[in-house]
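Just so you know, residue 1 is the first one in the sequence shown, and it goes up from there. Everything quoted here is computed from the prediction, not taken from an experiment.
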Amino acid sequence: MNEPPAHLPGTVGYWQARADDQLELARRMWSQAQPTWGVYDVPESEARLLPDDLAGQRVVELGCGTAYVSSWLARAGARPVGVDPTPGQLQIARRMQAETGVHFPLVRAAGEQVPLRSGLFDLAVSEYGAAIWADPDLWIAEAARLLRPGGQLVFLGNSTLLMLCVPDEDGQPVRNVLLRGQRGMRRFEWPDEPAVEFHLSPGDWIRLLHHNGFEVTDLVELYAAGDDDRTRMNVSSEWAHQWPVEEVWRARRR
């Protein structure tokens with residue numbers, strides 16, 4: 001049995017402590033009629049991140065949190081399995097399953113070490129989740145192992161430009177100023193939280209995906225909608241109308 005990633009206890013502790021706000025978020029997201037993506041809630045009808053026909057598709061959600069993405073997939077006819085290392089997140093997911101009657105398997109595991117059979121899935125998806133909270137070298141390799149040949153990978157995280165502009169201090173607004181270099185970007189640690197995040201540059205993502213047998217099929221950049229004037233996660237709508245807040249990578253296993 002491989003040792004768990006060294007960063008995992010801090011990340012699990014961070015999310016374990018957020019039960020109250022996560023329950024509120026889960027209730028809102030599980031109740032939606034269609035998926036919305038990112039902090040500016042871009043609707044799936046506009047973003048078009050998922051395959052058109054999900055009926056019968058086996059899906060693994062890596063870093064599912066409260067599993068609202070898996071709930072959307074299940075209602076669309078897919079057969080999802082939610083994977084997450086934080087017991088409190090999975091407890092909320094089970095609570096939402098009981099409240100809504102939408103049921104699917106939940107597995108407690110890190111995105112880097114998934115105890116599921118190789119080649120079992122048609123689609124692997126991560127909305128934040130493993131996409132930023134798991135070691136990319138390890139979780140991308142796991143996604144490749146879990147997918148059948150031709151299976152698709154879709155993952156969403158903060159945009160490269162946002163990560164270069166976001167201040168270290170919590171609560172400070174994102175401005176159009178580069179605060180750190182792009183070269184070698186990978187591991188991000190913040191002074192006010194114990195969790196570790198991982199963010200790669202686009203070139204490094206492409207090389208990592210290719211190394212693990214993926215063909216990149218799309219890179220979707222998410223902005224605030226034209227009439228959205230909200231400030232979300234310290235990102236003003238003025239900033240988010242000009243620069244992407246999130247990047248969504250789509251790839252296919254060769």
Side-chain angles (χ1 to χ4, degrees), residues 15 18 21-86 88-109 111 114 116 120-134 139 143 146-148 151-158 217-218 220-225 228 232-233 245-252:
W15 286 105
R18 296 187 57 183
D21 72 291
Q22 288 297 290
L23 177 58
E24 180 181 350
L25 174 65
R27 284 207 165 107
R28 177 170 66 86
M29 301 299 273
W30 275 68
S31 67
Q32 290 185 172
Q34 73 160 319
T36 59
W37 303 105
V39 298
Y40 279 93
D41 302 313
V42 180
E44 170 63 13
S45 58
E46 177 183 333
R48 302 297 298 272
L49 305 185
L50 298 173
D52 291 332
D53 185 8
L54 288 165
Q57 296 285 294
R58 292 181 178 270
V59 186
V60 60
E61 184 184 0
L62 299 172
C64 68
T66 60
Y68 54 82
V69 172
S70 286
S71 78
W72 300 335
L73 295 167
R75 289 196 293 269
R79 302 165 63 187
V81 177
V83 177
D84 199 274
T86 304
Q89 295 281 81
L90 295 178
Q91 183 178 10
I92 293 173
R94 293 188 183 96
R95 180 170 177 175
M96 296 308 304
Q97 288 186 339
E99 291 182 9
T100 64
V102 179
H103 295 278
F104 45 84
L106 295 167
V107 177
R108 182 181 173 188
V114 182
L116 296 172
L120 183 62
F121 296 97
D122 305 296
L123 173 65
V125 62
S126 180
E127 192 234 23
Y128 288 102
I132 74 166
W133 300 106
W139 86 259
L146 292 165
L147 287 169
R148 62 167 176 78
Q152 296 184 66
L153 172 63
V154 178
F155 64 95
L156 179 155
N158 305 103
T217 58
D218 204 356
V220 182
E221 296 166 320
L222 299 183
Y223 299 80
D228 195 330
R232 304 297 301 271
M233 303 292 289
V245 182
E246 284 114 359
E247 296 168 350
V248 187
W249 290 87
R250 298 185 62 185
R252 187 181 305 276

At what distance, to the nearest 0.5 angstrom, does [atom1] of [X] lie from [atom2] of [Y]?
X: Gln97; Y: Ser71; atom1: CD; atom2: OG; value: 9.0 Å
X: Leu146; Y: Leu62; atom1: CG; atom2: CG; value: 6.5 Å
X: Leu123; Y: Leu153; atom1: CG; atom2: CG; value: 8.0 Å
X: Leu156; Y: Trp249; atom1: CG; atom2: CH2; value: 12.5 Å
X: Ser70; Y: Arg75; atom1: OG; atom2: CZ; value: 11.0 Å

Using atom types as modelled and distance alone, determine if a side-chain donor or acceptor of [X] lies under 3.5 Å from a backbone N or O of [Y].
X: Gln89; Y: Trp15; answer: no
X: Thr100; Y: Val102; answer: yes
X: Glu61; Y: Val125; answer: no
X: Glu246; Y: Glu221; answer: no
X: Thr217; Y: Arg250; answer: yes
X: Ser126; Y: Ala131; answer: yes
X: Glu44; Y: Leu50; answer: yes

(Q) Between Gln34 and Trp72, do the side chains contain a donor N or O and an acceptor N or O under 3.5 Å apart? (A) no
**Q.** Trace of the side chain to side chain contact (heavy atoms under 4.5 Å, CB included) decision for Arg27 with Arg95
**A.** CA-CA 10 Å; Arg27 284 207 165 107; Arg95 180 170 177 175; 3.2 Å; yes
Going by heavy atoms in the side chains, are [X] and [Y] under 4.5 Å from each other?
X: Val248; Y: Trp37; value: no
X: Asn158; Y: Val245; value: no
X: Gln32; Y: Tyr68; value: no

Q) Val114 pairs by side-chain contact (heavy atoms from CB on, under 4.5 Å) with which of Val83, Val107, Val81? A) Val83
Q) Of all heavy-atom pairs between Glu127 and Thr36, which one has the smallest distance, and what is that distance? A) OE2-O, 4.3 Å
Q | More than 12 heavy atoms of other groups within 6.0 Å of Gln91 CD | A | no
(Q) Within the supplied structure, the quantity of interest is the number of heavy atoms (other residues, nucleotides, ligands) at a distance under 6.0 Å from Glu24 CD; does it exceed 12? (A) no
Q | Residues that Glu46 engages under side chain to side chain contact (heavy atoms under 4.5 Å, CB included), provided they are two or more places apart | A | Val42, Pro43
Q) Mind checking what makes ring pair (Phe, Tyr, Trp, His ring centres under 6.0 Å) contact with Trp139, not counting sequence neighbours? A) Phe155
(Q) Between the side chains of Asp122 and Arg148, is the shortest nitrogen-to-carboxylate-oxygen separation below 4.0 Å, so that they form an ion pair? (A) yes
Q.
Between Arg232 and Asp228, does any NZ, NE, NH1 or NH2 come within less than 4.0 Å of an OD or OE carboxylate oxygen?
A. no
